[in-house]
Peer 1: 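Structure below; questions to follow.
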There are 2 protein chains.
Amino acid sequence: MSARQVTLAEVAKQAGVSLATASRVLNGSTRQVSEELSDRVLRTAEQLGYVPNASAQALARNSSSLVGLVVHDITDPYFSCIAAGVTRVAEEAGLVVVLGTTGRRPEREVELLSTLRAHRARAVVLAGSRTTDRASQARLAAEIDAFTEQGGRVACVSQAKLGTDTVVPGNRAGGRALARSLAELGHKKFAVLGGPSELVVARDRLAGFKAGLADAGVAPPVVINGAFTRDGGYEAALELLASKSRTTCVFAVTDVMAMGAMAALRERGVRVPEDMSIAGFDDIPTLRDTVPALSTVRLPLEEMGEIAAGLVLDAGGDEARTVRVAGEVVLRASTAHN
Amino acid sequence: MSARQVTLAEVAKQAGVSLATASRVLNGSTRQVSEELSDRVLRTAEQLGYVPNASAQALARNSSSLVGLVVHDITDPYFSCIAAGVTRVAEEAGLVVVLGTTGRRPEREVELLSTLRAHRARAVVLAGSRTTDRASQARLAAEIDAFTEQGGRVACVSQAKLGTDTVVPGNRAGGRALARSLAELGHKKFAVLGGPSELVVARDRLAGFKAGLADAGVAPPVVINGAFTRDGGYEAALELLASKSRTTCVFAVTDVMAMGAMAALRERGVRVPEDMSIAGFDDIPTLRDTVPALSTVRLPLEEMGEIAAGLVLDAGGDEARTVRVAGEVVLRASTAHN
DNA sequence: GCAGCGCTGGAAAGCGCTTTCCCGCCACGC
DNA sequence: GCGTGGCGGGAAAGCGCTTTCCAGCGCTGC
């Protein structure tokens, strides 16, 4: 099988020009080539089905056309939306996206970054939420340094004190606004189903929510931590019910957790929103058709992916840029007056 | 910035050995290297933070560590589940996944394949559903040939007469079994919200469903075609309602379409399942918590991704292999007796 | 008329790695 | 003692491309 691959040299020979000329024609260098030769080269390339060897180009140019995208779990709609944004922008720029999934293990993130460095990826978008664990933060920072040293750019989605470009969603502000809106509905006893306490995203949303309740003069919420997943929400909700608190309104720090929580409530015969109001965060498009429709804070996820990709692709100074993205409270049927 | 990248040559020099030796130590060639030298090389590599240049390796070895994954829309849970399976297997094998999205444009698929070829990707998983359009089929087949010529492997998810390894879900059988189950509930008037008629997956599910109805001695369904998306399901359902048919049970050929359809029914005050039963296909995990719970045909999506990746990664003979994956009917609350 | 310039084409030197080929060394057997 | 292998190490030839540098040539300007 394996019919030898067509190389630039073959094209050049066939077209009766030098390697240099062929290269200049086929890759838009600054140098001019006469129309005649140019045509000849283009034609023979076409006819031989020439495809440049990307590895060779990358090696010669010392820069590749790869863009990394690191997420925790591509199955989670939060990440798949961001991924869609990133790939759209990257593909428009003629780049290729390499997808890495960490399964939420910080060390995987470092590994992936190192692999990406080996591939001389031009840029990387780190979409996974940050942790507050010092040790892994440090390792990650070191790896990011190595990566930028080498000429690559890095951007993070969600806040990161990593000195990289960042698109930061208004987690805190969103949580706060949501709390106020819910307080306006007359609720007095709140609970929050929070993610793991070391997750920055979860902490910020929680902190914002608490602040919002304080603004409204409402007592602080009961907080139950759980995994940052559907099942985490489910378990946390069960725990809440078991605690016999008089909660009338629950805030799950992500829509996905809220879905799990609603499932738990339903199983236990707690009606939403009659017996309990519930709100999430993110406004995952796939979940918009659920019943009752989930109140939440809308984040423009795809757009966030696009912005991150944009940041990471146009060079910019060496100042780390930060783009803030506001969340918008959307009250729907899952929350009712109390 | 850009501190020059550490190269093998530097490591070799530092360690006082030849390039060849350093290479042999750091990449597990068949050749033996004495423990002393080996240690020295390993240590200096570690200490210099050496990371091999993947492009250079790819060039020298004439094979890269890239695996392509082509999907229509990573936001669609169907694809993101498959993607999760593919990435898991690829990452375990130490390979890197490059993600391409077509936005359902067949020519994009060809472009992507060509890019992947340029990168000398070792293998590609084509997860997008096939079309029956002759012209694009032919172009795709040509590109696949070029790819395999060059030594790459290709696998498809969902049926494809493309002569590649394939994992084919039991679309037909699943549709048929579903139809029978629904007929058993006593329904007599069915409608199908089908995808675009040229989509093989949609056709097969529909054909199976019709066969199942025939098995049960039930009249053929009304068929309404629409886009293969949530909105497509929504529109198709509206159309169905407008048609004033006496339908009591609707089959949407994907869960995502079913969600759209349910939204439309709800808006028009049609209760599910009291006034209308509805079933989907795929059993998307994210959608399992919806109310009413959707009856569907479960496909092991992640596993399908894993299988496809497995096929494409272990060489196998030149026979095109086919792995069939059965769908399992799951009746839930969205379908009721009639 | 000639120095000087701008422009196009080609030769060749890499880019960082793998791998072939060769060399020197040692142990062994006759 | 010397031929034979086997084995560990290094020199060097690529892999396919980009890009620098140089050569040639037709013009312009004095």
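Each chain gets a letter, A, B and so on, in the order the sequences are listed, and its residues count up from 1. All values derive from a computational prediction rather than experimental measurement.
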Peer 1: Among D:dC15, D:dA11, D:dC17, which nucleotide has an atom closest to any side-chain atom of B:Ala60?
Peer 2: D:dC15
Peer 1: Would you say A:Asn27 places a side-chain N or O within less than 4.0 Å of OP1 or OP2 belonging to D:dC17?
Peer 2: no
Peer 1: Between C:dG10 atom C1' and A:Lys13 atom NZ, what is the distance in whole Å?
Peer 2: 17 Å
Peer 1: Does some side-chain heavy atom of A:Glu111 sit less than 4.5 Å from a side-chain heavy atom of A:Glu143?
Peer 2: no
Peer 1: Say whether, by atom type as modelled, one donor and one acceptor occur between the side chain of A:Asp165 and the main chain of A:Arg321 under 3.5 angstrom.
Peer 2: yes
Peer 1: Would you tabulate the nitrogen or oxygen pairs shorter than 3.5 Å linking the protein to nucleotides 21-27 of chain D?
Peer 2:
from	atom 1	to	atom 2	distance (Å)
D:dC21	N4	A:Arg31	NH1	3.3

Peer 1: What's the CG-P distance between B:Leu59 and C:dC15, to the nearest Å?
Peer 2: 14 Å
Peer 1: When you match B:Asn62 and B:Val33 each to their closest nucleotide on DNA chain D, which lands nearer the 5' end?
Peer 2: B:Val33
Peer 1: For A:Ala20 and B:Tyr50, take the nucleotide of DNA chain C holding the closest heavy atom to each; which residue's nucleotide lies nearer the 5' end?
Peer 2: A:Ala20
Peer 1: Heavy-atom distance under 4.5 Å between the side chains of B:Leu42 and B:Leu26, does that happen here?
Peer 2: yes
Peer 1: What nucleotide among D:dG10, C:dA11, C:dT19 has an atom nearest to a side-chain atom of B:Ser18?
Peer 2: D:dG10
Peer 1: Heavy atom of residues 35-46 of chain B under 4.0 Å from DNA chain D: which residues?
Peer 2: B:Leu37
Peer 1: How is A:Ser23 classified with respect to the nucleic acid when contacts are heavy atoms under 4.0 Å: base, sugar-phosphate, or nothing?
Peer 2: base
Peer 1: Mind checking whether B:Val96 and A:Thr115 have side chains closer than 4.5 Å, heavy atoms only?
Peer 2: yes
Peer 1: Can you tell me if A:Ser55 touches the phosphate of D:dG16, counting only side-chain N or O atoms and a distance under 4.0 Å to OP1 or OP2?
Peer 2: no
Peer 1: Are OP1 or OP2 of C:dT18 and a side-chain N or O of B:Gln57 less than 4.0 angstrom apart?
Peer 2: yes
Peer 1: Do side-chain atoms of A:Thr148 reach the backbone of A:Ile144 as a donor and acceptor pair under 3.5 angstrom?
Peer 2: yes
Peer 1: Who passes side chain to side chain donor-acceptor pair (under 3.5 Å) against A:Glu91, sequence neighbours left out?
Peer 2: B:Thr101, B:Arg108
Peer 1: Quick check: does any side chain N or O of A:Arg40 sit under 3.5 Å from a backbone N or O of A:Ala15, one acting as donor and the other as acceptor?
Peer 2: yes
Peer 1: Could you give the CG-to-P distance, from A:Leu19 to C:dA12, as a whole number of Å?
Peer 2: 12 Å
Peer 1: B:Arg120 has an atom CZ; how far is it from atom P of D:dC15, in whole Å?
Peer 2: 13 Å
Peer 1: Over all heavy atoms of both residues, which pair between A:Ser158 and A:Thr166 is shortest? Give the atoms and the distance, please.
Peer 2: O-CG2, 3.3 Å
Peer 1: Between A:Val6 and A:Tyr50, what is the shortest heavy-atom contact and its length?
Peer 2: O-CD1, 3.6 Å
Peer 1: Between B:Thr21 and D:dG10, is there a side-chain N or O to OP1/OP2 distance below 4.0 Å?
Peer 2: yes
Peer 1: How many Å lie between CZ on B:Arg61 and C1' on C:dT19, as a whole number?
Peer 2: 11 Å
Peer 1: Of the listed nucleotides (D:dG10, D:dC17, C:dG10), which one gets closest to any side-chain atom of A:Asn53?
Peer 2: D:dC17
Peer 1: Give the nucleotide from the list D:dG10, C:dT19, D:dC17 with an atom nearest to the side chain of A:Leu8.
Peer 2: D:dC17
Peer 1: With a 3.5 Å distance limit and no angle check, can you tell me whether A:Arg120 reaches the backbone of A:Ser64 through a side-chain donor-acceptor pair?
Peer 2: no
Peer 1: From CD of B:Gln150 over to P of D:dG16, roughly how many Å is that when rounded to an integer?
Peer 2: 11 Å
